[in-house]
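The shown structure was predicted, so the numbers you read here are calculated from the model rather than taken from an experiment. These values consider heavy atoms only, across backbone and side chains, with no hydrogens, waters or symmetry-generated copies.
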Amino acid sequence: MVLLNDGERKTHGGVPNNDVPNNDTQLPGLGRARLARELFSGRYRPGQSLQLDKVAAEHGMDHDSALRAFAEFQALGLITLAGDSSAIVHSPNPKEMPEAYEIRAALEEIGGRAAARALKGNTAALQRELDAMRSAFRDRDLDSFVEHDVRFHRSILQAARNEVVLRVWDSLAVDLRIQGALGKVLTDLGDVVESHQPIVDALEKGRGREAGLLLRNHVETLSEYIKKPESDSGFHKALPGELEGAKDVQRAFFPSNSLSIPCLSSETFYKPAQEIGGDYYDFLPLQEGRWGIAIGDVSGKGISAALIMASLQASLRAQASRSHFDLSTLIGDVNRLVHDSSPTHFFASLFYAEYEPATRMLKYVNAGHNPPIVLRPHENRPQVFRLRSGGMPVGISPDSQFLTSTFQLEIDDVVVAYTDGITEVESRSGEMWGDHGLKELLSSSSGQTPAQIIQRILGKVATFADRLPQRDDMTLVVMQVKPGCNV
């Protein structure tokens, strides 16, 4: 960020500052931001006396701006003012930051739920703030990153039009706390940046419950980073062997290539955004010749998502192995198990189907997952069907209800199941490929095998992203009905 003067700024990404009042509380000056980071990080000794004018000169601030900043730091318990010329430094209370983040998490969940109606189809400004965060992260401009991060979250609360929530959020001095926490999250800052994208996507679609849960999860994850001891700050670098081992363990979760569903040829693809991820697919041999087919997507990425994915898979396999007649009940039981065994506000979309080769009947429950696409050969262009959602994702509420649907497959039908890492890939201009892009590609895939379809999708995704780094886990399951099983 280029600081022009104490109240005029040039920001990354060309994001205008006109829509937010220009004052120190909402757009922190560079000097105020650096001073906050130094106070939180312990540069000054407890009991040390700070001369206001000396600190102001060192940090490029005038007397009045420095005095306002010192008053804020006093409210946070970091200093005690002595008149208007000096202050005594205190040790930061290690419990206060996590406690403040607990309050912030609740406020932002409320704000996200309420803001969804106003922001549905109207998230361009949020996306610009996120793109500016990415740019600041690449440039290692931490002060600009904080500025755009604060603007991102505050604008959601403004859209919620709840003055009480906004007033309490401001009273927490979130921007100063983020500055103080940066030293704890530097290793994970890339993940912190990208965790904003699902929030934008949920608000763009008007999904208030999902947006609120994602905001809470984002803030609570930050709180966990803040609680880590200094020796853990290099976690991903310090444990390369353990992460490699975790990758091997996760590979074992996925079905063996030797599994073969009668009269159904299938191909799969899985690539996590990080070393391990939260996407999931499975093929389960069941009683009476039936087969279970599953694909899911856990909220978040990395190790935490992988752990929830493992819990989901274990719960589904345990329930599916039992004799039952109702998929709605089965997924309801899985939902309660995932809810009870997962941290608060983790959830997963899940598509689960049971396929009977002899009748080609597909019975399924779609719990908030991207609707799989069925392609049926028809003259020059295949017919397209979608296996749509009949419930919210699993793990949100123990009492969620799920709807069972059926679909009669025919010989040569192709079923394409996927996670949103495929459809939500973006171009360099910020355009999303989307469900429409996938549908158009599949509509021109007549006569292709599952393996050819997967290669075609991946080729299109790679071209569309134009070498941008992968932001989300990607999974594809493509199946084609073959002749040979009697109806």
Side-chain angles (χ1 to χ4, degrees), residues 15 19-20 101-133 148-170 172 174 192-222 297-301 335 339 344-350 366-371 388-397 399-402 419-421 423-424 426 430-432 434-436 471-472:
V15 181
D19 59 336
V20 178
Y101 267 66
E102 288 179 12
I103 299 171
R104 179 188 168 191
L107 295 173
E108 295 210 20
E109 180 180 3
I110 295 169
R113 289 173 181 251
R117 180 175 298 180
L119 292 174
K120 183 178 181 179
N122 187 32
T123 56
L126 282 180
Q127 190 65 57
R128 288 196 297 271
E129 294 294 349
L130 174 52
D131 291 340
M133 275 189 262
H148 292 293
D149 190 18
V150 171
R151 286 168 58 87
F152 178 96
H153 290 273
R154 195 175 195 281
S155 63
I156 294 174
L157 297 183
Q158 286 176 316
R161 300 187 181 278
N162 187 323
E163 292 300 322
V164 174
V165 167
L166 187 59
R167 194 158 57 243
V168 176
W169 193 87
D170 282 339
L172 292 175
V174 170
V192 171
V193 173
E194 293 308 324
S195 68
H196 290 83
Q197 187 65 59
I199 298 169
V200 177
D201 297 340
L203 291 169
E204 175 68 22
K205 298 171 184 174
R207 297 176 178 170
R209 178 192 292 268
E210 182 179 340
L213 291 172
L214 287 168
L215 279 160
R216 176 182 277 274
N217 183 57
H218 168 85
V219 177
E220 289 182 342
T221 300
L222 283 176
D297 184 358
V298 175
S299 61
K301 295 186 290 292
N335 172 67
H339 178 272
T344 306
H345 308 298
F346 272 88
F347 58 91
S349 68
L350 174 66
N366 189 337
H369 195 74
N370 305 85
R388 297 193 179 277
S389 172
M392 66 176 61
V394 298
I396 292 179
S397 167
D399 302 318
S400 296
Q401 302 294 311
F402 302 93
T419 58
D420 58 16
T423 51
E424 293 183 1
E426 289 188 0
E431 178 187 3
M432 188 181 295
D435 292 333
H436 178 74
R471 292 196 327 213
D472 199 1

Could you tell me whether Glu424 and Lys205 have a side-chain N and a carboxylate O separated by less than 4.0 Å? yes

Residues Leu157 and Leu107: closest non-hydrogen pair is CD2-O, 3.9 Å

Donor-acceptor contact present, side-chain Ser155 to main-chain Arg151, <3.5 Å: yes

If you take all heavy atoms of Ala367 and Met392, which pair is closest and at what distance? CB-O, 3.5 Å

Are Phe347 and Asn217 close enough that some pair of their side-chain heavy atoms sits under 4.5 Å apart? no

Flag side-chain contact, heavy atom, 4.5 Å: His339 against Val394: no

Please check this pair: side chain of Asp420 against backbone of Thr423, looking for a donor-acceptor N/O pair closer than 3.5 Å. no

Within the supplied structure, the quantity of interest is the number of heavy atoms (other residues, nucleotides, ligands) at a distance under 6.0 Å from Arg113 CZ; does it exceed 12? yes

Do you know the tightest heavy-atom contact between Gly112 and Ala211? O-CB, 4.1 Å

Please name the pair of heavy atoms, one in Ala160 and one in Gly111, separated by the smallest distance, quoted to 0.1 Å. CB-O, 3.5 Å

What I'd like to find out is whether the side chain of Met432 reaches to under 4.5 Å of the side chain of Asp201, using heavy atoms alone. yes

So do the side chains of Asp131 and Gln127 get within less than 4.5 Å of each other, counting heavy atoms only? yes

Hey, is Glu426 close enough to Arg471 for a salt bridge, meaning N to O under 4.0 Å? yes

Point-to-point distance, once rounded to the nearest 0.5 Å, from CG of Leu214 to CZ of Arg216: 12.5 Å

Can you check whether Phe402 reaches Asn366 side chain to side chain, under 4.5 Å on heavy atoms? no

Take His153 and Asp149, measure what side-chain hydrogen bond (donor to acceptor under 3.5 Å, both in side chains) needs, and give me the verdict at the end. CA-CA 7 Å; His153 290 273; Asp149 190 18; 3.2 Å; yes

Minimum side-chain heavy-atom gap Ile396-Arg209 below 4.5 Å: yes

Begin from the C-alpha positions of Val164 and Arg167 and carry the test side-chain contact (heavy atoms from CB on, under 4.5 Å) through to its verdict. CA-CA 5 Å; Val164 174; Arg167 194 158 57 243; 3.9 Å; yes

Would you compute the distance between atom CG of Asn335 and atom CG of Asp399 and round it to the nearest 0.5 angstrom? 8.5 Å

Can you find a pair of side-chain heavy atoms, one from Ile199 and one from Leu203, that are under 4.5 Å apart? yes

Between Asp297 (side chain) and Leu350 (backbone), is there a donor-acceptor pair under 3.5 Å? no

Which heavy atom of His196 sits nearest a heavy atom of Leu130, and at what distance? CB-CD1, 3.7 Å

Between CD of Gln197 and CG of Leu126, what distance do you get to the nearest 0.5 Å? 10.0 Å

Let me confirm one number: the CE-CZ distance from Met133 to Arg128, rounded to the nearest 0.5 Å. 13.0 Å

Is any side-chain heavy atom of Glu210 less than 4.5 Å from a side-chain heavy atom of Leu213? no

Glu108 side chain to Ala106 main-chain N or O, any donor-acceptor pair under 3.5 Å? no

CA sep, side-chain torsions, deciding dist, call: Thr419, His369, side-chain contact (heavy atoms from CB on, under 4.5 Å): CA-CA 8 Å; Thr419 58; His369 195 74; 3.9 Å; yes

Where is the tightest heavy-atom contact between Pro198 and Ser195, given as atom of each residue plus distance? CD-O, 3.4 Å

